[in-house]
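For reference, the structure is listed below as structure tokens.
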Amino acid sequence: MTHSQSNILTFGDAEEKDRRGQLFDLFKNCPIPADEIFLNLGLFLTPQTLSRILFIDFLYRQILEVQGIVIEFGCRWGQNLALFSALRGIYEPFNRLRKVVGFDTFEGFFKTSEKDGNKVGPGMYSVTPAYDGYLQRLMDLQEKESPLAHLRKHAIVKGDATVRIKEYLERNPETVVALAYFDLDLFEPTRDCLLAIKDRLTPGSILGFDELNDPVTPGETAAFKEVFGFHRWGIRRYRYNSRTSYVVFDRS
Ligand SMILES: C[S@@+](CC[C@H](N)C(=O)[O-])C[C@H]1O[C@@H](n2cnc3c(N)ncnc32)[C@H](O)[C@@H]1O
């Protein structure tokens with residue numbers, strides 16, 4: 001495990017790093033004309049990146065008959081938000097109530113606790129300045145590719161998610177949570193956000209997790225254990241992706 005240039009944890013070996021560098025060079029110098037490049041993005045997917053996209057699709061398909069919104073806690077560059085939004089366009093283009101809401105500091109971790117182990121620290125997973133504005137513009141445009149484009153069905157909420165989620169739920173008291181994806185990596189914010197949405201889950205709601213059972217970021221598991229315990233629901237995995245898990249909220 002190493003810290004990459006942009007201060008994230010990576011797990012590949014030197015050969016993989018070299019291969020990814022070569023792939024990036026091919027991407028940067030891609031000869032495909034601009035008006036065809038988005039049609040061919042699959043050229044640059046690796047099994048790992050594709051399996052994450054498949055996982056997001058898998059989660060989304062499970063909430064098609066569950067009322068409520070989709071939340072990502074810890075959206076960072078926002079790929080999952082864009083995927084959720086595109087999946088809404090595919091599977092339920094007229095579901096105007098299926099909002100997609102992303103929370104992030106957009107400044108990375110600002111504090112860690114002893115339950116988070118010694119591999120993570122403040123400042124990790126930061127993004128470039130004013131990235132939330134860029135993501136907002138991107139999501140606005142992306143939403144226009146699907147029906148009901150005149151209704152804004154997404155929100156990007158900047159700041160400490162533990163504070164912002166409570167404000168969001170006060171402003172939107174009707175909120176039911178159909179799917180919440182947790183990728184905050186850390187104990188305290190994961191625990192507090194789980195507690196904040198607990199009363200908004202309904203049987204069939206899905207909770208997705210990026211790091212359960214991962215010794216590198218033990219805080220996420222500790223938070224899940226503290227709020228829900230291990231025995232109530234099965235912690236399942238999507239067989240094509242190694243690190244992620246999900247639980248189906250059944251009853252409290
Ligand atoms: C591993 S990254 C998320 C990656 C992203 N979900 C993806 O799939 O690419 C973890 C994110 O959690 C965010 N984060 C951690 N603690 C937070 C908090 N208290 N409030 C808001 N965001 C937080 C960080 O800023 C960081 O962007």
Side-chain angles (χ1 to χ4, degrees), residues 1-11 45-46 48-60 70-87 100-113 115-117 119-136 138-139 154-169 179-197 207-212 214 216-224 227 238 241-246:
M1 186 190 54
T2 51
H3 284 88
S4 84
Q5 262 179 340
S6 50
N7 211 3
I8 66 171
L9 296 169
T10 53
F11 300 87
L45 295 177
T46 62
Q48 291 88 338
T49 49
L50 179 57
S51 77
R52 288 190 67 93
I53 294 174
L54 295 176
F55 177 57
I56 295 298
D57 172 68
F58 171 80
L59 292 182
Y60 198 105
V70 175
I71 298 181
E72 182 173 31
F73 290 105
C75 60
R76 201 166 183 243
W77 302 115
Q79 170 167 263
N80 291 341
L81 297 183
L83 291 172
F84 285 133
S85 179
L87 291 166
V100 172
V101 185
F103 291 86
D104 208 293
T105 60
F106 294 103
E107 290 172 359
F109 301 160
F110 60 88
K111 109 177 146 165
T112 55
S113 77
K115 296 217 170 162
D116 293 312
K119 305 282 192 300
V120 292
M124 286 176 72
Y125 291 94
S126 58
V127 290
T128 45
Y131 185 76
D132 55 310
Y134 172 90
L135 180 58
Q136 184 68 64
L138 202 144
M139 294 288 291
H154 64 269
I156 290 160
V157 188
K158 180 175 175 155
D160 181 354
T162 65
V163 177
R164 296 287 184 256
I165 180 62
K166 289 184 193 144
E167 294 168 353
Y168 179 89
L169 294 173
L179 166 56
Y181 194 72
F182 283 85
D183 198 2
L184 296 160
D185 294 7
L186 305 177
F187 172 70
E188 282 180 12
T190 304
R191 176 196 61 194
D192 293 355
C193 291
L194 278 170
L195 288 170
I197 62 159
L207 297 173
F209 294 92
D210 217 74
E211 269 103 13
L212 288 186
D214 191 335
V216 177
T217 42
E220 189 175 288
T221 312
F224 180 80
V227 178
Y238 174 63
N241 190 258
S242 64
R243 198 178 60 194
T244 51
S245 354
Y246 70 99

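Both counts, for ligands and for their atoms, begin at 1 and track the order of listing.
- Residues Asp104 and Arg76 approach most closely at OD2-N, 2.8 Å, considering heavy atoms.
- Remark: of the listed residues Phe55, Phe182, Tyr181, Tyr181 is the sole one forming a side-chain contact (heavy atoms from CB on, under 4.5 Å) with Asp210.
- Only the backbone of Cys75 comes within 4.0 Å of ligand 1, counting heavy atoms alone; no side-chain atom from C-beta on gets that close.
- Residue Asn80 approaches ligand 1 through these ligand atoms, each under 4.0 Å from one of its heavy atoms: 8 (O).
- In terms of protein heavy-atom proximity, atom 14 (N) of ligand 1 is nearest to Leu184 CD2, 3.7 Å.
- Nearest approach of Phe109 to Gly121, heavy atoms of both residues: CD1-O, 3.6 Å.
- Note that atom 12 (O) of ligand 1 has protein non-hydrogen atoms nearby, at separations under 4.0 angstrom.
- For the atom pair Thr128 OG1 and Phe106 CZ, the distance stands at 10.5 Å (nearest 0.5 Å).
- Taking CG of Leu212 as the start and CZ of Phe224 as the end, the distance is 6.5 Å to the nearest 0.5 Å.
- Residue contact check for ligand 1: Phe110 places a non-hydrogen atom closer than 4.0 Å to it.
- A pairwise comparison of heavy atoms in Leu186 and Asp116 identifies CA-OD1, 3.3 Å as the closest pair.
- Checked against a 3.5 angstrom limit, the closest N/O atoms of Gly74 and ligand 1 fall inside it.
- Comparing heavy-atom distances from atom 10 (C) of ligand 1 across Val127, Ile56, Asp185, Asp183 singles out Asp183 as nearest.
- Ligand 1 has at least one atom lying under 4.0 Å from a heavy atom of Glu72.
- Applying the 6.0 Å contact sphere to CD of Glu188 captures more than 12 heavy atoms from other residues, nucleotides or ligands.
- Residue, atom and distance of the protein heavy atom nearest to atom 25 (O) of ligand 1 are Asp104 OD1, 2.6 Å.
- Within a 6.0 Å sphere centred on OH of Tyr238, other residues, nucleotides and ligands contribute more than 12 heavy atoms.
- Less than 4.0 angstrom separates some heavy atom of Gly108 from each of these atoms of ligand 1: 24 (C), 25 (O).
- Residue contacts with ligand 1 include Asp160, since one or more of its heavy atoms lies under 4.0 Å from the ligand.
- Within ligand 1, the atoms closer than 4.0 Å to a non-hydrogen atom of Ala161 are 18 (C), 20 (N), 21 (C), numbered from 1 in the order shown.
- For Leu135 against Ile156, the heavy-atom pair with the smallest separation is CG-CD1, 3.6 Å.
- Nearest protein heavy-atom contact of atom 22 (N) of ligand 1 is Thr105 N, 3.1 Å.
- Minimum heavy-atom separation, Ala161 to Phe73: CB-CD2, 4.2 Å.
- Relative to atom 15 (C) of ligand 1, the option among Tyr125, Tyr131, Phe109, Phe182 with the closest non-hydrogen atom is Phe109.
- Within the structure, the closest approach of Gly159 to ligand 1 falls below 4.0 Å when heavy atoms are considered.
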